[in-house]
Amino acid sequence: MSKVILYMAVSVDGFIAGSNNETPWSDAEWEAYREFVKSCDVCLIGSRTYEVMKASDEFADGAKYLVVT
């Protein structure tokens, strides 16, 4: 049986990104995210996260990515 885990960075007021679509994650948060993704078979990500990851080639090997828009 498969399991689904939600790993999401969200502000206290419920936003995922800032008003200018910035994602102010620290280097430590990005590294924790990348390590988590390595343990996944499929990773469902939002379009903004995809764009940030694509810009710096931050995709973890092994996982398949599905982008939600």
Side-chain angles (χ1 to χ4, degrees):
M1 176 181 282
S2 298
K3 63 181 175 179
V4 176
I5 300 170
L6 175 63
Y7 186 109
M8 184 163 73
V10 62
S11 66
V12 174
D13 55 358
F15 289 95
I16 299 170
S19 59
N20 294 325
N21 285 328
E22 72 272 12
T23 53
W25 293 3
S26 70
D27 290 341
E29 289 169 317
W30 269 112
E31 187 57 35
Y33 172 74
R34 286 173 44 104
E35 287 302 312
F36 171 74
V37 169
K38 289 178 184 177
S39 71
C40 300
D41 295 323
V42 178
C43 186
L44 183 68
I45 60 175
S47 59
R48 180 64 185 141
T49 300
Y50 171 79
E51 291 299 329
V52 169
M53 293 174 72
K54 180 181 172 185
S56 57
D57 196 27
E58 293 282 338
F59 298 100
D61 292 333
K64 295 177 185 167
Y65 292 86
L66 298 175
V67 181
V68 178
T69 59

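None of the values given here were measured: they were computed from a predicted structure.
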- Task: Kindly write out the residues that satisfy side-chain contact (heavy atoms from CB on, under 4.5 Å) with D13, not counting sequence neighbours, or none if the list is empty.
- Result: S11, F15
- Message: The criterion is side-chain contact (heavy atoms from CB on, under 4.5 Å); which residues satisfy it with S39, sequence neighbours excluded?
- Response: F36
- Kindly write out the residues that satisfy side-chain contact (heavy atoms from CB on, under 4.5 Å) with A32, not counting sequence neighbours, or none if the list is empty. Y7
Can I get a per-line list of side-chain donor-acceptor pairs under 3.5 Å for residues 62-69, giving both atom names and the distance, sequence neighbours left out?
unit_1, atom_1, unit_2, atom_2, d
Y65, OH, A60, N, 2.9

- salt bridge (charged side-chain N to carboxylate O under 4.0 Å, His left out) contacts in which one or both residues fall within residues 35-46, not counting sequence neighbours: E35-K38
- Message: Under the rule for salt bridge (Lys or Arg N to Asp or Glu O under 4.0 Å), what residues qualify as partners of E58, not counting sequence neighbours?
- Response: R34
